[in-house]
Amino acid sequence: MSADGEESEILRDLAFTLQAGTFTCLIGPSGCGKTTTLRILLGLDRDFSGTVTMPAGNVRTVAVFQEPRLLPWRTVEQNVRLALPPGATPDIQPLFATLGLQAMLDRYPSELSLGLERRVALARAFAVMPDVLLLDEPFVSLDEHTAERLRELLIELWRRHAVTVLMVTHNVREAVQLADRLLLMNGRPARIVGDVAVPMERSKRLGGRLQQFLDELTRNHAQTVRA
Amino acid sequence: MKRAPLKLLSVLGFFLLWAVIAAAVNSPDVPGPAEVGLFVAREALSGELFYNLVVTLSRVAAAFLISLIVGSAIGIVMGQNRAVDRILDPWIIIFVNLPALVIIVLCYIWMGLTEVAAVTAVALNKIPNVVITMREGARSLDPKLSEMARVFRFSRMRTIRHVVLPQLQPFIAAAGRSGLALIWKIVLVVELLGRSNGVGFQIHLYFQLFDVAAILGYTLAFVIVMLAIEFSVVQPLEHHLTRWRPKPA
């Protein structure tokens, strides 16, 4: 539903399954409904018909939003601790150490750069030990050096925590560097138009081989992917 | 570091101006600071001053708490719920425009010349203002933070304490500040019309005797009490609650 009260259909016949412990990127042009898909998975958007099936048991799904969405009136450490389930007191110091936040624990978000705020948002998401982690363009509007560093940290954390990741991005190069699998989304209303595995080892996704894969992807899905 | 002496100088300047004018006019109707101070000292020694200040102050506190709690509750619901807002909005406009005197007189007629009637009348005068301020606050709540709280499964208490209240804090502060100033003025009127103690009653009494030094003495004493509350409670509290805000250069 748009601001002027007009209803419009964003998604139709959208269907996909994520393998536990895999890293999937959802790619598509701006405004095609990627964020809406995440909001449905998070239970924030209930204006849809269809089903979201989670694995049996108490599954924790958390998110890293496009903006860090930290509480400005709480310190870095408080922001992370408040997200923990009541009564839980895991040792989150190693997480802060991995993300290079040890020296910032008593700072308020307004005293941090955007890159640091994003690290705090990542720390908050991983601190709750989620089963499913949804990320909505978490590295947008960062300088390339910072974004690159955060991507490395994300992969490191993903490996260590064995979490199922679905990340929305429109940066195809970023998606190919990070994911096991790419879901391409397009159309109006949008659906999945391509499902591509990334067969290379992450450490070898560099230079010529990365470029070759990107070229092929762009050729096969010219409507959706503009590298 | 330079702020405190400047404020002090300003206050001293006020008393100096007052003394000069009183000396120039030279009439019993315009007593100087010395005469007023003398009255305050005499009244303080007899215990009268302290007793009446405490009586008035407790009425102010009761009316302040009631109006802030009731007004916040109504205002937050109105800010969050469009239907309730439409239904209650005309009521708020009526009550905010009702003269304080009318509410006071009607409360005394319907409820008797009692303490309950006095505090109710003051609270009823203030509640609509609190509602309007808090409604603005509730409208400005950031849905992005509420969503974050939902995704991370914040409990109700955790959401209220760490997500909602900090966002409402500036509005609560604004409602409280303007509330304290308005309420103590209305309490004096209430005391004048239907109570037999308190600062308002004393001023009424000395008005009949045309004792201006006494009237100014009670006023001054109460203003000093309110200033003390401002500097010892309100400002430190506000400073603590806004510690996270980036300091302006």
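Keep in mind the model is a prediction, meaning the values are calculated, not measured.
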Checklist entry - Is there any residue in residues 79-87 of chain A with a non-hydrogen atom under 4.5 Å from a non-hydrogen atom of chain B, and which ones are they? => result A:Arg81, A:Leu82, A:Ala83, A:Leu84, A:Pro86

Next on the checklist: side-chain contact (heavy atoms from CB on, under 4.5 Å), that's the test. Do A:Tyr108 and B:Arg245 meet it? Break it down for me.
Outcome noted: CA-CA 8 Å; A:Tyr108 289 100; B:Arg245 277 182 211 279; over 6 Å; no

Checklist entry - To the nearest 0.5 Å, what is the distance between NE2 (B:His162) and CH2 (A:Trp73)? => result 12.0 Å

Checklist entry - Can you tell which of A:Leu134, A:Val62, A:Leu44 has the highest number of heavy-atom pairs within less than 4.5 Å of chain B? => result A:Leu44

Checklist outcome for this item: Rounded to the nearest 0.5 Å, the NZ atom of B:Lys144 sits from the CD atom of A:Gln66 at a distance of 8.0 Å

Checklist outcome for this item: Nearest heavy-atom approach of B:Arg153 to A:Asn58 is NH1-OD1, 3.5 Å

Checklist entry - Got more than 12 heavy atoms from elsewhere within 6.0 Å of CZ, B:Arg139? => result yes

Checklist entry - Where does A:Arg107 contact chain B at under 4.5 Å (heavy atoms): side chain, backbone, both or neither? => result neither

Checklist entry - Does atom CD of A:Gln19 have more than 12 heavy-atom neighbours, drawn from other residues, nucleotides or ligands, at distances under 6.0 Å? => result no

Item to check | From CZ (B:Phe152) to CZ (A:Arg69), nearest 0.5 Å | outcome: 10.5 Å

Checklist entry - Hey, which residues of residues 68-98 of chain B are touching chain A, say heavy atoms under 4.5 Å apart? => result none

Item to check | Segment of A:Thr61 engaging chain B (4.5 angstrom heavy-atom cut-off) | outcome: backbone

Checklist outcome for this item: When rounded to the nearest 0.5 Å, the distance separating CG of A:Leu71 from CH2 of B:Trp244 is 10.0 Å

Item to check | chain B contact via A:Gln78 - side chain, backbone, both or neither, heavy atoms under 4.5 Å | outcome: neither

Checklist entry - Who wins among A:Pro72, A:Ala125, A:Ala63 for the most heavy-atom pairs under 4.5 Å with chain B? => result A:Pro72

Checklist outcome for this item: Scanning both residues in full, the closest heavy-atom pair of A:Leu70 with B:Leu145 reads O-CD2, 3.7 Å

Checklist entry - Of the backbone (N, CA, C, O) and the side chain (C-beta and beyond), which part of B:Gln169 lies under 4.5 Å from a heavy atom of chain A, both, or neither? => result neither

